[in-house]
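One structure below.
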Amino acid sequence: MTTTESLPQILLLTHGGWGQQLCNSLRMVMGEIEGVTEIALMPVDTLGDFYQRVEAVVKTLPEGSLILTDFVGGTTSNVAARLSADYPIAVVSGLNASLLLEALDRREHGLLTACVAEVVEAGRSSCLDVVAHVRQLQQTK
């Protein structure tokens, strides 16, 4: 896979549009980010309108693409879960910087639908008590 068109795409679904700000922050770390789109759920959106906007994009996603949502149980995750029944996409909730970085790295090597567990683990393992982590590192020296 060498072109962005052939890479699996990443669709961010967030409340209020903070996914775009997350991408802006990650650009500071890794440079330009391609193949990542966000659809923001805004207070003025109805469920039907949001669903239609998301489905219009999901229909165009290449095989092996991934939807990342902000949190489980919210409209963003519920819409993504419903669409996953009709389209060959994977859905992961709990969007954070480490999770997105892992997805960006892994899509260079194949379908994101094949590495969901690794993407989830990257997001999960990035949440830690930093003070306790530093103390543990200092004790091992």
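As the structure is a prediction and not an experimental result, all values here were calculated from the model. Side chains are part of it too, since the values below use all heavy atoms of this structure and drop only hydrogens, waters and symmetry mates.
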Practice task
Quick one: closest heavy-atom pair of A40 and G16, and the distance?
Solution key: CB-C, 4.2 Å
Exercise for the section: For R107 and G35, indicate whether the former's side chain and the latter's backbone hold a donor-acceptor pair under 3.5 Å. Expected result: yes
Practice task
Find out if a path of hydrophobic residues (ILVMFWY) with successive side-chain heavy-atom gaps under 4.5 Å connects L47 to V58.
Solution key: yes
Problem - Other residues, nucleotides, ligands: >12 heavy atoms within 6.0 Å of E63 CD - result: no
Exercise for the section: Mind checking the CD-CG spacing from Q136 to L128? Nearest 0.5 Å is all I need. Expected result: 9.5 Å
Practice task
Determine, step by step, whether T69 and S77 satisfy the side-chain hydrogen bond (donor to acceptor under 3.5 Å, both in side chains) criterion, reporting the C-alpha distance in whole Å, the side-chain angles of both residues, the deciding distance to 0.1 Å, and the verdict.
Solution key: CA-CA 6 Å; T69 70; S77 292; 2.6 Å; yes
Handout entry: L137 side chain reached by H133 side chain, heavy atoms, under 4.5 Å
Key = yes
Handout entry: Distance (rounded to the nearest 0.5 Å) between I89 CD1 and L11 CG
Key = 8.0 Å
Problem - Whether E102 side chain and A122 backbone form a donor-acceptor pair below 3.5 Å - result: no
Practice task
Check whether more than 12 heavy atoms from other residues, nucleotides or ligands sit under 6.0 Å from atom CE of M30, and answer yes or no.
Solution key: yes
Exercise for the section: Give, for atom CG of L100 and atom CG of L95, the distance between the pair rounded to the nearest 0.5 Å. Expected result: 6.0 Å
Problem - Side chain proximity check, T75 to Y51, heavy atoms < 4.5 angstrom - result: no
Problem - Cluster overlap L111 with V91, hydrophobic side-chain contacts below 4.5 Å - result: no
Practice task
Check whether any side-chain heavy atom of L104 sits under 4.5 Å from a side-chain heavy atom of E108, and report yes or no.
Solution key: no
Completion exercise
Taken to the nearest 0.5 Å, the spacing of I39 CD1 from T14 OG1 works out to 10.0 Å
Handout entry: Donor-acceptor under 3.5 Å (D86 side chain, L83 main chain)
Key = no
Practice task
Indicate if L41 and F71 have the same hydrophobic cluster label, given that clusters are the connected sets of ILVMFWY residues with side-chain heavy-atom separations under 4.5 angstrom.
Solution key: no
Problem - R53 and D45, any side-chain heavy atoms less than 4.5 Å apart - result: yes
Fill in the blank from the handout: From the list V92, V36, I33, T37, side chain to side chain contact (heavy atoms under 4.5 Å, CB included) partner of I10 resolves to V36
Practice task
Give a yes or no on whether the backbone of V116 and the side-chain of R106 come within a donor-acceptor separation of less than 3.5 Å.
Solution key: no
Handout entry: More than 12 heavy atoms from other groups under 6.0 Å of CD on E55
Key = yes
Problem - Hydrophobic cluster membership, L66 vs Y87, 4.5 Å side-chain cutoff - result: no
Exercise for the section: Could you grab the distance from atom CG of L26 to atom CG of L101, nearest 0.5 Å is fine? Expected result: 4.5 Å
Handout entry: Same apolar cluster: I67 and V119, side chain cutoff 4.5 Å
Key = no
Handout entry: Heavy-atom neighbours of R135 CZ exceed 12 at 6.0 Å
Key = no
Handout entry: Whether Q9 side chain and L61 backbone form a donor-acceptor pair below 3.5 Å
Key = no
Problem - Least distance between heavy atoms, A90 atom then T113 atom - result: N-CG2, 3.6 Å
Practice task
Check for a donor-acceptor pair, side chain of D70 on one end and backbone N or O of H15 on the other, with a separation under 3.5 Å.
Solution key: yes
Practice task
Report the distance from atom CG of N96 to atom OG of S126, rounding to the nearest 0.5 Å.
Solution key: 4.0 Å
Handout entry: Taking every non-hydrogen atom, the tightest pair across G123 and L99
Key = CA-CB, 3.8 Å
